[in-house]
Amino acid sequence: MLRYQEDNELHRDFHGCTNLSIDYISKHYGVEALKMILRTTGHDVYRSIREKLQKGDASELIEHLNWFFYREQGKYTLKVDENEIIFEVHECPAVRHMKKLGLPISDRFCLQTSEVNAGMCEGTPWKSEVKLTGEGKCIQIFRKECAE
């Protein structure tokens with residue numbers, strides 16, 4: 001069971017606030033400070049996911065990816081095997097919502113995905129990578145490093 005599995009009313013305007021915060025922090029404190037905040041968020045807020053990843057168990061990460069994109073009606077595909085998870089985002093619900101409102105998307109908006117994912121994987125046998133494939137589209141790859 002996910003530690004944070006909200007099922008109450010969905011407030012998509014959160015994405016707009018996050019978008020503005022990303023620009024504010026990077027402008028006033030620098031991109032490295034932004035990266036540190038995002039990575040710490042992945043490490044600490046998603047602690048239960050990280051703790052399972054430390055044990056080699058990716059089940060909560062998979063549930064997390066599925067739940068939040070399902071909940072926000074994002075378009076994605078998810079491929080899972082023992083040592084690799086490929087989460088392909090065909091339409092990011094956050095970007096879709098901000099575009100609907102006419103909000104400009106921060107150039108650093110997707111940095112939150114790569115840094116939060118890296119924070120979740122920190123200190124675990126799992127590593128993450130994000131490849132941007134277009135506006136509101138990416139491939140998130142999680143690979144389990146095998147001990148040799």
* Asked: If Ile, Leu, Val, Met, Phe, Trp and Tyr residues are connected whenever their side-chain heavy atoms lie under 4.5 Å apart, and connections chain through other members, are L111 and L132 in the same group?
  -> no
* Which of parallel (below 30°), tilted (30 to 60°) and perpendicular (above 60°) describes Y76 and F87? -> tilted
* To do: Applying side-chain contact (heavy atoms from CB on, under 4.5 Å), run through I22 and F109 and close with a yes or a no.
  => CA-CA 7 Å; I22 285 169; F109 188 74; 4.0 Å; yes
* Are F142 and I139 grouped together when hydrophobic residues (ILVMFWY) are joined by side-chain heavy atoms under 4.5 angstrom apart? -> no
* Between CD of E91 and NZ of K75, what distance do you get to the nearest 0.5 Å? -> 4.5 Å
* Structure fact -> For P104 and N19, the nearest pair of non-hydrogen atoms, with its separation, is O-ND2, 2.8 Å
* Structure fact -> In this structure, CD of E129 is separated from CD of Q140 (nearest 0.5 Å) by 11.0 Å
* R96 and E72 ion-paired at < 4.0 Å -> no
* Heavy-atom pair of closest approach, residues E82 and K144 -> O-CD, 4.2 Å
* To do: Compare every heavy atom of D23 with every heavy atom of S106, then report the nearest pair and how far apart it is.
  => OG-OD1, 2.6 Å
* To do: State, to 0.1 Å, how close W126 and C121 come at their nearest heavy-atom pair, and which atoms those are.
  => O-CB, 3.1 Å
* May I have the step-by-step check of side-chain contact (heavy atoms from CB on, under 4.5 Å) for S128 and M120, ending in yes or no? => CA-CA 9 Å; S128 64; M120 285 191 291; over 6 Å; no
* Asked: Could you state the interatomic distance from CE (M36) to OG1 (T41), rounded to the nearest 0.5 Å?
  -> 9.5 Å
* Cluster question for you: counting only ILVMFWY and a side-chain heavy-atom cut-off of under 4.5 Å, with indirect links fine, are V116 and I141 together? -> no
* Asked: Closest approach of E135 and I105, non-hydrogen atoms and distance?
  -> OE2-CG1, 4.1 Å
* **Full working for side chain to side chain donor-acceptor pair (under 3.5 Å) between S48 and E60** => CA-CA 8 Å; S48 61; E60 192 169 340; 2.7 Å; yes
* Structure fact -> Rounding to 0.5 Å, atoms CZ (F14) and OG (S21) come to a distance of 8.5 Å
* **D81 side, atom CG; I86 side, atom CD1 - distance, nearest 0.5 Å** => 7.5 Å
* Structure fact -> Rounding to 0.5 Å, atoms OG1 (T77) and CD (E88) come to a distance of 4.5 Å
* What's the shortest heavy-atom distance between T18 and Q112, and which atoms? -> CG2-OE1, 3.5 Å
* Going through the checks in order, is the side-chain contact (heavy atoms from CB on, under 4.5 Å) test met by K52 and L61? -> CA-CA 9 Å; K52 284 192 174 182; L61 171 62; over 6 Å; no
* Asked: Between R143 (side chain) and K127 (backbone), is there a donor-acceptor pair under 3.5 Å?
  -> no
* Return yes when atom NZ of K137 has more than 12 non-hydrogen atoms of other residues, nucleotides or ligands closer than 6.0 Å, and no otherwise. => no
* Establish whether L78 and W67 are linked, either directly or via other cluster members, by ILVMFWY side-chain heavy-atom contacts under 4.5 Å. => yes
* Treating Ile, Leu, Val, Met, Phe, Trp and Tyr as nodes and any side-chain heavy-atom pair under 4.5 angstrom as an edge, say whether V130 and L34 lie in one connected cluster. => no
